[in-house]
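Beneath this line is the structure, given in structure tokens, with notes to follow.
Side chains included, hydrogens not; waters and symmetry mates left out as well; all remaining heavy atoms used. Since the model is a prediction, treat every value here as computed from it, not as a measurement. We name chains A, B, ... by the order of the sequence lines, and we start the count at 1 in each one.
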Amino acid sequence: MTGKTSGWSRDEMAQRAALDIPDGAYVNLGIGIPEQVAKFVPADREVIYHSENGLLGMGPAPAAGHEDPDLINAGKKQVTAIPGAAFFHHADSFVMIRGHHIDICVLGTMQVAENGDLANWSTGAPDAIPAVGGAMDLVAGVETIYVITQHCTRTGEPKLVDACSYPLTGQGVVNRIYTDLAVIDVTAEGFEVVELAPGISFDYVQEHTGARLIRCN
Amino acid sequence: MTGKTSGWSRDEMAQRAALDIPDGAYVNLGIGIPEQVAKFVPADREVIYHSENGLLGMGPAPAAGHEDPDLINAGKKQVTAIPGAAFFHHADSFVMIRGHHIDICVLGTMQVAENGDLANWSTGAPDAIPAVGGAMDLVAGVETIYVITQHCTRTGEPKLVDACSYPLTGQGVVNRIYTDLAVIDVTAEGFEVVELAPGISFDYVQEHTGARLIRCN
Amino acid sequence: MIDKQNASPAAAVADIFDGATVMVGGFGEAGSPIELIHALIDQGAGNLTVINNNTGSGHVGLAALIENKQVGKMICSFPRTANSTVFPDLYRAGEIELELVPQGTLAERIRAGGAGIPAFYTATTVGTPLAEGKETRCFDGRDYVMEVGLKADFALIKCSKADRYGNLVYSKTARNFSPVMATAAAITIAQAGAVVEAGALDPEVIITPGIFVDRLVEIFDPEQESRLVAAGRSYP
Amino acid sequence: MIDKQNASPAAAVADIFDGATVMVGGFGEAGSPIELIHALIDQGAGNLTVINNNTGSGHVGLAALIENKQVGKMICSFPRTANSTVFPDLYRAGEIELELVPQGTLAERIRAGGAGIPAFYTATTVGTPLAEGKETRCFDGRDYVMEVGLKADFALIKCSKADRYGNLVYSKTARNFSPVMATAAAITIAQAGAVVEAGALDPEVIITPGIFVDRLVEIFDPEQESRLVAAGRSYP
């Protein structure tokens, strides 16, 4: 096995994904590492963040003393609203999602399959409390789905697989995956490595992936 | 044939219908005589008028010099808004109608059948320009449908018939009819005369009706 | 004169009956009508079907209603909460039923219920376990599942201001599900931070027109769920 | 920086193509984007499918677009107008097609198109000639017809104020179909009485969030259709 020598940190994964968010995009960021993407979008790009609980134009966390329990994001954290923000109700918010108006959604995951299937809501364990939130709506309605995830689970199992063993969130929905090891596109032929983290070899990534990888030309 | 000796005027028909609008009702008034009903609702009742083009809390016509081309009713006449009115878009407006939130709708008609079928949008003539507006939505969505109409056409044909010959607006939707001759309920057994206009006999109404009438007990 | 104000939360919820379906506004604590929920706990109606995105926090508000065994079934998208084990404990014990609905489908099913639309099609859940048993249909080459409208006997919601007609405005993201729930319930009960004169609310900015609201209760300084939870409070 | 402003109506409508489907806001003259329609007349695209509740008045605005033979098909609820024979004349001559849709179904089909809902059921038209050829289905003992969502290549709408993000507010009943049309078109073009600074519009009162708007044109003092008609004006 080829030893890991470096790889990206969580912040670096978010930073790498941020490079792919174009100026003027309407973006929904999932809970966890995806939330960090907003910090790293280059300053010359203006990006509008959507929070599915009824806010377009979400800003960063409030300064101390300016928290408002009525102004939260989908993760129920207190946030701010930029000048030019708009509030709306939940049905209107999902018009934006289901109606293909959001350009990009960045999500975490449990598994991604080489055909783009995403499983990020349930392990299917019999004692699990099932909880789906807006994940299925987002992957069904947003054209471009980016996933940010550690390449493997804490116990070393690959999260990029030939077929998901966990219950699906959506079929064939993922476009690109940012892991600590690589940037990988989902193509018609399968996973294609488009960029390797510093010090990480293609073979190392392949050894930690549960599906065949394609080298980018 | 029993001679007509009196009967109700257009204003009297509207006035009679107004007596049946209860305090606190949400009401949609069609174009023509139905619009006049608002003038006659007793002063001790507060009624909220809905206009399907996006206004709840429609007031009377504006005073001279206070007209606003952005503030019109479904008949495209300039109106006013009462204190406590609300504006909304067309889809939301028809949520109120289709979702059974409007209590009463008062409409004009071409024909009403004894089973409550209403025909008020088209004669079906081959050269007619078909135009339906919101009539089909109203009769499908509003629980109580009142009709105000002359008992007969200008050429003396009955408008209350055993079966509509014109294309339907809705099936079995009419509850009560106010004509120049009588107030008539649509019941499971057919048309029931609940009130006669001054000087008008039951037999006279029957002679001018294209279906069997029932005397109210 | 139309005046939808009730004297108290207790008066407003008095006729909620055993077995009723109750929509409860709010997403997390934002928009949660905590005084109305507590009045429902005092009132005691049981075997309720409750529709809310979540299952509450700590031991107050919606979590307390569940903990008090008044809820037979939850319809929601996300029944897990970091700071509450009330629902998970009852669910694992088989004492409460769950209908899990994706958040956007939940919002749209409620809107459909209020809009007189018995069913609609959506691509959400296609190919997932949540589509099992649902009718699937192809439109323009893509598969969609049929979802049915949701209605309720009562809706309990919270707004920032109201007038006597029941016109409502909300505060920021505390709006969330409340405007669609108001349309979908036979009886909609709103707690308002203030009840103002008719005409004091700009007709351009009214979010819920009064036609959708049946009862109002003024709660000038409502409890804040996260503060109650942080203070370790429970209800009753 | 996001700035959706276009220099002129002509620039905003330049890429509307022959055969395009175009939603046009307005109910009668209220909300009719007359400057954008006149720019489309100047631009000349033909064989358009136009979606509007009506067919215009006199010989200006939408009626002028129809009279100029740019419209192959109208989708509307009420194609008759007291003061215009433009549509009826072409319709009787077999030169324009008509899809007649009840007003509420029209609004809901547009909303569905914008909301990613390919089809829904409604009781409107059941038992009437307008239900012929449509699938009928029974839910809870009542019949409903299936209606499909409507989308467009372009929407031309009018609002009172906008900001550079495309957030819009409207004036009174001039709002009508525009908010749902904005959601249902690939390219939504709005003429605004004023374009204000970002943040100048209260986020609680924005009716159309900017995500639904692609292009803005400021028209400070728009023409009023009824005045043009009364003056006997025609366009071009």
Side-chain angles (χ1 to χ4, degrees), chain A residues 31 51-56 58 67-81 85-100 117-119 121-122 124 126-141 164 166-173, chain C residues 27-31 53-55 57 76-82 85 87-88 91-92 98 100-112 114-115 122-131 143-144 160 170-183 207-208 224-227:
Chain A
I31 298 167
S51 187
E52 57 264 39
N53 56 317
L55 169 58
L56 188 71
M58 180 169 62
E67 301 89 353
D68 183 340
D70 286 344
L71 183 48
I72 62 174
N73 67 11
K76 307 197 175 80
K77 287 191 194 133
Q78 293 179 1
V79 294
T80 53
F87 299 115
F88 33 83
H89 64 57
H90 246 86
D92 281 350
S93 186
F94 281 82
V95 166
M96 297 178 190
I97 293 171
R98 198 187 313 97
H100 305 290
D117 285 0
L118 179 76
W121 71 285
S122 169
D127 66 334
I129 305 296
V132 67
M136 287 189 186
D137 308 282
L138 284 161
V139 301
C164 294
Y166 294 151
L168 293 190
T169 309
Q171 285 181 319
V173 295
Chain C
F27 179 88
E29 73 172 323
N53 190 63
N54 306 103
T55 55
S57 289
C76 70
S77 87
F78 207 88
R80 289 196 302 253
T81 314
T85 61
F87 177 85
Y91 182 74
R92 288 202 179 93
L98 170 66
L100 189 72
V101 182
Q103 197 173 137
T105 297
L106 182 63
E108 190 66 17
R109 288 181 63 193
I110 297 168
R111 181 192 178 273
T122 172
T124 301
T125 76
V126 169
T128 80
L130 296 191
D143 285 339
Y144 297 83
S160 59
Y170 301 86
S171 170
K172 306 184 183 76
T173 59
R175 187 184 303 186
N176 56 69
F177 285 89
S178 299
V180 283
M181 287 179 170
T183 70
I207 302 302
T208 294
Q224 190 182 314
E225 188 180 274
S226 56
R227 275 198 211 130

Notebook entry, point to check: Quick one: are Thr128(C) and Thr169(A) in side-chain contact, heavy atoms under 4.5 Å?
Noted result: no

The reported gap from CG in Asp68(A) to OG in Ser171(C) (rounded to nearest 0.5 angstrom) is 5.5 Å

Answer key: most heavy-atom pairs under 4.5 Å with chain C among Ala81(A), Ala86(A), Ala91(A), Gly124(A) is Ala91(A)

Given Ile97(A), Leu168(A), Asp70(A), the one with more heavy-atom pairs under 4.5 angstrom with chain C than any other is Asp70(A)

Applying a strict 4.5 Å limit to non-hydrogen atoms, the region of Leu98(C) in contact with chain A is side chain

Any side-chain heavy atom of Thr173(C) sitting closer than 4.5 Å to one from Ser51(A)?
-> no

*Is any side-chain heavy atom of Asn54(C) closer than 4.5 Å to a side-chain heavy atom of Lys76(A)?*
yes

Ranked by heavy-atom pairs below 4.5 Å to chain A, first place among Gly104(C), Gly31(C), Ala107(C) goes to Gly104(C)

Is the closest side-chain heavy-atom distance between Asn176(C) and His89(A) below 4.5 Å? no

Checked Ala140(A), Ala135(A), Gly170(A), Ala85(A) vs chain C; the most non-hydrogen pairs under 4.5 Å come from Ala140(A)

Rounded to the nearest 0.5 Å, the CD atom of Glu108(C) sits from the CG atom of Asp92(A) at a distance of 9.5 Å

Value for OG (Ser77(C)) from CE (Met136(A)), rounded to nearest 0.5 Å, stands at 10.5 Å

Bottom line for Phe87(A): the part with an atom under 4.5 Å from chain C's heavy atoms is both

Of the listed Pro69(A), Ala74(A), Pro167(A), Gly134(A), the one with the largest count of heavy-atom pairs under 4.5 Å with chain C is Pro69(A)

Arg92(C) versus Ile129(A): any side-chain heavy-atom pair under 4.5 Å? yes

Using a 3.5 Å distance criterion without hydrogens, assess whether the side chain of Asp137(A) forms a donor-acceptor pair with backbone atoms of Gln103(C). yes

Compute the ring centroids of Phe27(C) and His90(A), then answer whether they are less than 6.0 Å apart.
-> yes

Honestly, the part of Tyr170(C) sitting under 4.5 Å from a heavy atom of chain A is neither

Whatever's closer than 4.5 Å to a heavy atom in chain A on Thr125(C) counts as both

Heaviest contributor of heavy-atom pairs below 4.5 Å to chain A, chosen from Arg111(C), Arg227(C), Arg80(C), Arg109(C), is Arg80(C)

message = Strictly distance-based, threshold 3.5 Å: is any side-chain N or O of Arg175(C) a donor or acceptor partner for the main-chain N or O of Gly54(A)?
response = no

**Close side-chain approach of Trp121(A) to Pro102(C), heavy-atom, < 4.5 Å** = no

